[in-house]
Amino acid sequence: MLTAFARAFKTPDLRKKLLFTLGIIVVYRVGTHIPIPGVDYSNVQTCIDVAKGNQGLFGLVNMFSGGALLQITIFALGIMPYITASIILQLLTVVIPRLEALKKEGQAGTAKITQYTRYLTVALAILQGTGLVATARSGALFSGCPVASEIVPDQSIFVTITMVVTMTAGTAVVMWLGELITDRGIGNGMSILMFISIAATFPSALWAIKTQGDLADGWIEFGTVIAVGLVMVALVVFVEQAQRRIPVQYAKRMIGRRSYGGTSTYIPLKVNQAGIIPVIFASSLLYIPALIAQFSGGTSGWKTWIEANLTKGDHPIYITTYFLLIVFFAFFYVAISFNPEEVADNMKKYGGFIPGIRAGRPTAEYLSYVLNRITWPGSLYLGLIALVPTMALVGFGANQNFPFGGTSILIIVGVGLETVKQIESQLQQRNYEGFLR
């Protein structure tokens, strides 16, 4: 990986793209530290110090925003509205024929879906910004902080609207910065911003483990966490690269005196075909009952049960529910994102077939069978990786936002691998020597 970056810096146009991307990253990180108008920044810092890393319900969103959410800055919502909008559009593509037709139109249809994603992102940013402002005004953003209700001193309608508009505009700017990286940088703009947001929280989280440790002034816990993190990265890279290659052959066709086809290729089915989406779905779904319980008054039985069983990361019911939801959403997302019948029809249309399998329906059934078989280990792998923060919570007394948690490791490794692949492909295009040397 380091070799690829070194070679890229030696290539003039790639060097410009890398420096442009670094400049956008600097702008993004500066924006995560600029507070929005109407917020008492000193009270926010006091509550962050009181929380000491235990952000509770808002920990996941705070991680995706690079720590900007709890500081209530102009980029507080981060990239989460865009991620949510992209997932919603991807799910709606399966059930709405109009969106499915746009997806099949090629570049023009993709541009239209991207435009819909932008509109939905702004709408979600308004909704989430309103919720964040209401939470900050009520003091529920930092439970247990004595000055939590004084974070927003002026609670007038004008100040509230100004805060919501500022955060919505910040989300639109983040989306624009991501698209700039995609168009003029090294590509994968939104993913790179997500990568930077998560990586930015690592130093403080690791240092917190060191300061809270007891063995050799915390250095043994610190070294153990680093070693476990490196092992996890190696395992995640191994599984993320693993795939089941289904061989495909194309029959020869004679058109005039020329023969076409007769080539051999394969369909790569990844072990983790669903990626990080099941973990995000499961985490979001588990936050809903806890969020409802937090904002509901009284001491009813259901609220007490939720607070006792579904808000603590080390509770057996929470662990079991989280694991089962990840497995379920892994199968659900694979089922809607990969259509064996469509793949089989396309193969049949172009004269392709799997050796030993008849074209058409038998091919679709075979692909579905293989996909279900490899989704089982992929879903179990996702569930086990996602439970790493829980094991750290029990073993080290760390908080639920453990730096080498499943979500953060999966995103960082996935984005890192994809970025390196893009840089290497661009290097190959520029250093291609041709057939004659």
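- Separating the CD1 atom in I74 from the CD1 atom in I34 is a distance of 4.0 Å, to the nearest 0.5 Å.
- The two residues L124 and A85 make their nearest non-hydrogen contact at CD1-N, 3.7 Å.
- In terms of heavy-atom proximity, G185 sits nearest to K17 at O-CD, 3.4 Å.
- For the atom pair N346 CG and E342 CD, the distance stands at 5.5 Å (nearest 0.5 Å).
- The environment of CD in Q107 is sparse: at most 12 heavy-atom neighbours from other residues, nucleotides or ligands sit within 6.0 Å.
- In this structure, CD1 on I276 lies 4.0 Å from CG on L410, to the nearest 0.5 angstrom.
- Here T265 contributes atom OG1 and R245 contributes atom CZ; the two are 9.5 Å apart, rounded to the nearest 0.5 Å.
- What you find for M232 and I409 is that their closest heavy atoms are CE-CG1, 4.0 Å.
- Heavy atoms only, all atoms of each residue included: T321 and I317 are closest at OG1-O, 2.7 Å.
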Just list the side-chain donor-acceptor pairs under 3.5 Å for residues 371-385, sequence neighbours left out, or say none.
unit_1	atom_1	unit_2	atom_2	d
N372	ND2	S368	O	3.2
R373	NH1	Y369	OH	2.3
T375	OG1	L371	O	2.5
S379	OG	T375	O	3.1
S379	OG	W376	O	2.9
Y381	OH	E240	OE2	3.1

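- Using cut-offs of 30° and 60° on the angle between ring planes, the pair F329 and F281 is perpendicular.
- Residue P340 is tested with D345, T363, L367, V370 for a side-chain contact (heavy atoms from CB on, under 4.5 Å); the sole match is L367.
- Checking side-chain atoms of N272 against main-chain N and O of G275 turns up a donor-acceptor pair under 3.5 Å.
- Around CZ of R361, the count of heavy atoms belonging to other residues, nucleotides or ligands within 6.0 Å does not exceed 12.
- Listed here is the closest heavy atom pair of L77 and A125: CD1-O, 3.4 Å.
- Between R244 atom CZ and L269 atom CG the span is 8.0 Å, to the nearest 0.5 Å.
- Remark: Q422 CD is packed, more than 12 non-hydrogen atoms of other residues, nucleotides or ligands lying under 6.0 Å away.
- To the nearest 0.5 Å, the span separating CD on E418 from CD1 on I423 amounts to 11.0 Å.
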Could you list the donor-acceptor pairs under 3.5 angstrom formed between side-chain atoms of residues 173-184 and any protein atom two or more places apart in sequence or on another chain?
unit_1	atom_1	unit_2	atom_2	d
E179	OE1	R118	NH2	3.2
E179	OE2	R118	NE	2.9
E179	OE2	R118	NH2	3.2
T182	OG1	G178	O	3.0
T182	OG1	G189	N	2.9

Side chain to side chain contact (heavy atoms under 4.5 Å, CB included) assessment of Y250 paired with S264: CA-CA 6 Å; Y250 287 90; S264 299; over 6 Å; no
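- Across every non-hydrogen atom of V44 and Q71, the tightest pair is CG1-CA, 3.7 Å.
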